[in-house]
Amino acid sequence: MNVLEKVVTLNELRKARNELPEPVGLVPTMGFLHEGHLSLVKRACEQSASVVVSIFVNPTQFAPTDDLDAYPRDLERDAALLQEAGAKLLWVPTPEVMYPPDFQTWVDVEKISQPLEGEKRPGHFRGVTTVVTKLFNAVQPQKAFFGQKDAQQAAVIRQMVRDLNMSVEIVTQPIVRERDGLAMSSRNTYLNPAERQAALVLSKSLAAAESAYEAGERDAQSIRKIMEDIINAEPLARLEYVSCADFETLEELEIISNKALLSMAVYIGRTRLIDNCVLG
Ligand code: PAF
């Protein structure tokens with residue numbers, strides 16, 4: 001049976017990490033694991049001799065108005081799932097381990113962090129890139145695994161790794177969906193049954209836009225309108241943004257001629273959900 005070691009402090013992490021067979025793969029998470037996370041761990045196990053998973057609900061990527069304490073947590077269940085999935089080391093740092101009182105260094109990726117999630121959640125990516133840098137420095141993995149569900153996060157992290165010459169390979173794994181199309185997310189637990197049903201407008205609007213693209217539509221505004229109309233027709237949904245952007249730069253497109261990222265953020269009741277798909 002696989003044995004999962006759990007550590008908290010930086011010293012414990014470094015000691016346990018140094019004893020792991022190389023190459024090491026890292027799966028950074030905020031816990032409350034679902035099939036999407038487990039698909040990352042599975043891929044990491046296939047591509048690494050040892051897999052380290054971090055669980056840390058990172059306060060610096062939440063806005064002051066977000067309810068950080070309400071973020072779902074279940075460490076015992078997460079550890080059991082990770083042990084079964086084949087992870088070797090679980091790092092669960094406390095906020096004090098990650099951000100000691102005199103903490104004052106930040107990592108900020110400029111341009112690609114600005115639109116979409118960056119515009120709606122100021123400071124979010126600064127928190128993500130800072131904590132991911134700390135995780136990379138502490139664990140020193142050869143590869144790190146991220147979900148395509150957070151498409152902009154993956155793009156920002158790839159940019160950071162290139163810009164700062166970090167010697168880690170970023171692997172992204174496709175979105176894992178429920179049978180009815182809802183993208184898996186820890187936030188789905190906030191949805192009541194009516195909201196859970198309404199949340200299907202995200203994947204439905206992406207599917208409609210994808211069909212239009214496959215039928216030959218290349219006008220980005222028409223594609224955005226298809227998604228908007230479907231979301232706006234759902235009474236429990238409140239659209240925050242839809243985007244049809246260049247896959248690499250995340251700049252909004254007029255005409256789709258290369259790989260494009262369709263993405264959106266939608267409130268279903270009080271729960272903010274995101275989803276995306278890639279065209280071309
Ligand atoms: O995607 C997440 O769960 C988080 O943003 C990450 C990458 C673990 C950083 O806190």
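Atoms within each ligand, like the ligands themselves, are counted from 1 in listed order. From a predicted model like this one, the values you see are computed outputs, not experimental measurements.
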Taking the six-membered ring for Trp, are F62 and Y71 ring centroids under 6.0 Å apart?
yes
For ligand 1, is any non-hydrogen atom under 4.0 Å from T29's backbone (N, CA, C, O), its side chain (CB onward), both, or neither?
backbone
Should E252 and Q221 count as side-chain neighbours, where that means a heavy-atom distance under 4.5 Å?
no
When rounded to the nearest 0.5 angstrom, what is the spacing between SG in C244 and NZ in K225?
15.0 Å
How far is atom 3 (O) of ligand 1 from its nearest protein heavy atom, and which residue and atom is that?
M30 CG, 3.6 Å
Closest protein heavy atom (residue, atom, distance) for atom 5 (O) of ligand 1
Q153 OE1, 2.7 Å
Fit a plane to each ring of F103 and Y99, take the angle between them on a 0 to 90° scale, and name the class: parallel (under 30°), tilted (30 to 60°) or perpendicular (over 60°).
perpendicular
Within the structure, does N58 bring an N/O atom to less than 3.5 angstrom of an N/O atom in ligand 1?
no
Using a 3.5 Å cut-off on N or O atoms only, is Q61 in polar contact with ligand 1?
yes
Verify, without hydrogens or angle tests, whether D150 (side chain) and Q153 (backbone) share a donor-acceptor contact under 3.5 angstrom.
no
E254 CD: over 12 foreign heavy atoms closer than 6.0 Å:
no
Per-atom contacts, ligand 1 versus V131 - under 4.0 Å to a heavy atom:
9 (C), 10 (O)
Under 4.0 Å from one or more heavy atoms of P28, ligand 1 contributes atoms 8 (C)
